[in-house]
Amino acid sequence: MIYPKRNLGILGSGQLGRMFTQSASKMGYNVLVYSQEKDSPSSKVGASPINGDYEDFEKLGKFIENVDAVSFEFENITENCLKFLLEIERNRGSNFFMPSPSCILLAQDRILEKEHFQSIGIPTVPFLVIRTGNENWNEFSFPAILKTTRFGYDGKGQWKFSAPSELTEFLKTNPPNDNLSYILEKVFPFEKEISVIYARDSSGKEFIFPPGENLHKNHILDTTKFPAEISDSIHDKAIQYASLLGRSINYYGVFGIEFFVLGEELVANEFAPRPHNSGHFSMDASNISQFELQLRVLTGQTLPDSNQVKPCIMKNILGDQYDTSINICMDLMSLDSRYHLHLYQKDEAKPGRKMGHINFVGPISEVDSRFWTI
Ligand code: ADP
Ligand code: MG
């Protein structure tokens, strides 16, 4: 049997599901995507859309019955839904959901996530949990960033405060409750942000890319420079921490883990239990992309022993000045075949919305200056 798992289910149908579908269809698999969206980036490249709410367990249950394995393209799934999936996992075994819904539960909760990092020896920024009845932040180090524990992304659900009194004021109008808790983090004076794309197959074999260096603008990833310019010891620690995390939660699939670097200090910020925006360089600069890694794990294949990656710069294309950016991309591509454009076929170009990305495969010194204005 060449294809024991032929029909693959993805929860979510955005650009990450789309790029997964592109990899999967190339190798002859069928992809079914579950989301509310009818005309999604994933369905536009051939994934079969099944429309439903994450809490419509009848529909979701049917979707799951019709596929041979399930993975995720985003982690902001409700707790009720994840509990439902965990119940199914108990019957179907540990190779049906990759990763396990328990990994999604961990990744979507900033408190559980940071507590887990610390419990396995991965350093984090100092933090304080803010729940109802807990008002002892006067001793905490400011400036600090307050984040909602769950459902934040691209800097949403985050507020910066320079003094405890500002936080007190904020919490008067936005108090925590049974469904809303916060994590207060020290503002870490990082010199660089880096991330590692990690994959692990069902035999426990790992495949880890060297770290890339990330630049955020308005809390949204703007550029990834691959590989990161960092010391050997930071490089080794980042890979070691990614591996520690993956093995500690028996992770099957691909994740991206983000770090802050200050001198020789490395602290973990968060991980995303799916292919990561900062791993898009792998689509053009690597012999195997992060989406193909996700596919290979999900279909029970063994990950390769070796890989070759070239230097690459990835630039996100946001909705803010979409037409101008596309014109620049077209110009650059007409000059040099090392530019590779990826667009997600989203209908509306809204400010801050990720519309696509462009990779330049080559040394940073050879990038055209217009690339940075995209
Ligand atoms: P999101 O889920 O929105 O990606 P992050 O925790 O990654 O949330 O925060 C987004 C960005 O905000 C980070 O990449 C970093 O640039 C900045 N940031 C977040 N937390 C801190 C912190 N404790 N200290 C300094 N900068 C931070
Ligand atoms: Mg982040």
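Hydrogens, waters and symmetry mates play no part in the numbers below; they use all other heavy atoms, side chains included. Everything numeric in this text was worked out from a predicted model, so none of it was measured.
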Should Asn177 and Arg131 be marked as a side-chain contact (heavy atoms from CB on, under 4.5 Å) after you check the CA-CA gap, both sets of side-chain angles, and the distance that decides it? CA-CA 7 Å; Asn177 58 46; Arg131 293 202 171 96; over 6 Å; no
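Put simply, the side chain of Lys5 never gets that close to the backbone of Ala69: no donor and acceptor are under 3.5 Å apart. Using a distance-only test at 3.5 Å, with no hydrogens or angles considered, no donor-acceptor pair links the side chain of Asn316 to the main chain of Leu318. With hydrogens and angles ignored, the 3.5 Å screen pairs a side-chain donor or acceptor of Glu73 with a backbone N or O of Gly14. At least one donor-acceptor pair under 3.5 Å links the side chain of Ser25 to the backbone N or O of Thr21. Between the side chain of Ser243 and the backbone N or O of Ile239 there is no donor-acceptor pair closer than 3.5 Å. Between the side chain of Ser141 and the main chain of Lys186, no donor-acceptor pair closer than 3.5 Å is present. The backbone N or O of Ser13 lies less than 3.5 Å from a partner atom in the side chain of Ser42, making a donor-acceptor pair.
Counting heavy atoms from C-beta on, the side chains of Ser282 and Val309 never come closer than 4.5 Å. The side-chain heavy atoms of Leu295 and Phe20, taken from C-beta on, include a pair separated by under 4.5 Å. For the pair Leu245 and Ser248, the minimum side-chain heavy-atom distance is below 4.5 Å. Using a 4.5 Å cut-off on side-chain heavy atoms (C-beta onward), Ile358 and His342 make no contact. In this structure, the side chains of Leu171 and Leu146 come closer than 4.5 Å at one or more pairs of heavy atoms. Here the side chains of Ser278 and Ile197 are in contact, with some heavy-atom distance below 4.5 Å. Here the side chains of Pro49 and Lys38 are not in contact, with every heavy-atom distance at 4.5 Å or above. Two residues are said to be in side-chain contact when any heavy atoms from C-beta on lie closer than 4.5 Å; Phe142 and Leu184 meet this criterion.
Side-chain contact of His280 with Gln290: a donor-acceptor pair under 3.5 Å is present, judged by distance alone. There is no side-chain donor-acceptor pair under 3.5 Å between Ser286 and Gln308. Of the N and O atoms on the side chains of Asn30 and Asn7, at least one donor lies less than 3.5 Å from an acceptor on the other residue. Inspection of the Arg18 and Gln345 side chains reveals an N or O donor paired with an N or O acceptor under 3.5 Å. No hydrogens or angles considered: a donor-acceptor pair under 3.5 Å links the side chains of Glu258 and His276. For Ser100 and Ser102, the side-chain atoms include at least one donor-acceptor pair closer than 3.5 Å. Remark: the Thr224 side chain and the Asn214 side chain contain an N/O donor-acceptor pair separated by less than 3.5 Å. Using modelled atom types, one finds a donor on one side chain and an acceptor on the other under 3.5 Å when comparing Thr168 with Trp137. The closest side-chain donor-acceptor pair between Ser35 and Asn51, if any, does not fall under 3.5 angstrom. With 3.5 Å as the limit, one finds a donor-acceptor pair spanning the side chains of Gln36 and Asp53.
Taking Ile, Leu, Val, Met, Phe, Trp and Tyr as hydrophobic and joining them when side-chain heavy atoms fall under 4.5 Å apart, one finds Leu60 in a cluster with Leu11, Leu32, Tyr34, Ile50, Tyr54, Phe57, Phe63, Ile64, Val67, Val70, Phe72, Phe74, Ile77, Leu82, Phe84, Leu85, Leu86, Ile88, Phe96, Phe97, Ile104, Leu105. Grouping Ile, Leu, Val, Met, Phe, Trp and Tyr residues whose side-chain heavy atoms lie under 4.5 Å apart, directly or via other members, places Met314 in a hydrophobic cluster with Leu221.
Ring centroids of Phe209 and Phe281 are separated by less than 6.0 Å, placing the two rings close together. With ring centers used as reference points, Phe360 lies 6.0 Å or more from His340.
Sorted by first then second residue, the salt bridge (Lys or Arg N to Asp or Glu O under 4.0 Å) pairs that include residues 150-179, not counting sequence neighbours, are Asp154-Lys354, Glu169-Lys172. Applying the salt bridge (Lys or Arg N to Asp or Glu O under 4.0 Å) test to pairs two or more places apart or on separate chains, those with a residue in residues 190-201 are Lys192-Glu213.
Enclosure of atom CD in Glu55 by more than 12 non-hydrogen atoms of other residues, nucleotides or ligands within 6.0 angstrom is indicated. The environment of Phe170 atom CZ is dense: over 12 non-hydrogen atoms of other residues, nucleotides or ligands sit within 6.0 angstrom. For Lys62, the NZ atom counts as loosely surrounded, since its 6.0 Å shell holds 12 or fewer non-hydrogen atoms of other residues, nucleotides or ligands. Other residues, nucleotides and ligands contribute over 12 non-hydrogen atoms within 6.0 Å of the CG atom of Asp320. More than 12 heavy-atom neighbours from other residues, nucleotides or ligands sit within 6.0 angstrom of CD on Glu264. In Lys44, the NZ atom is crowded: over 12 heavy atoms of neighbouring residues, nucleotides or ligands sit closer than 6.0 Å.
Taking Phe260 as the reference, Phe188, Phe190 meet the ring-ring contact (aromatic ring centres under 6.0 Å, His included) condition, with sequence neighbours excluded. Residues forming a ring-ring contact (aromatic ring centres under 6.0 Å, His included) with Phe255 (at least two apart in sequence, or on another chain): Tyr198, Tyr251, Phe271.
The distance from the CZ atom of Arg338 to the CG atom of Leu332 is 11.5 Å, given to the nearest 0.5 Å. Atom CG of Leu128 is separated from atom OH of Tyr182 by 14.0 Å, given to the nearest 0.5 angstrom. With rounding to the nearest 0.5 Å, the separation of CD1 in Ile111 from NE2 in His116 is 15.5 Å.
Contact record, Gly212 with Ala228: C-CB, 3.7 Å, taken as the closest heavy-atom pair.
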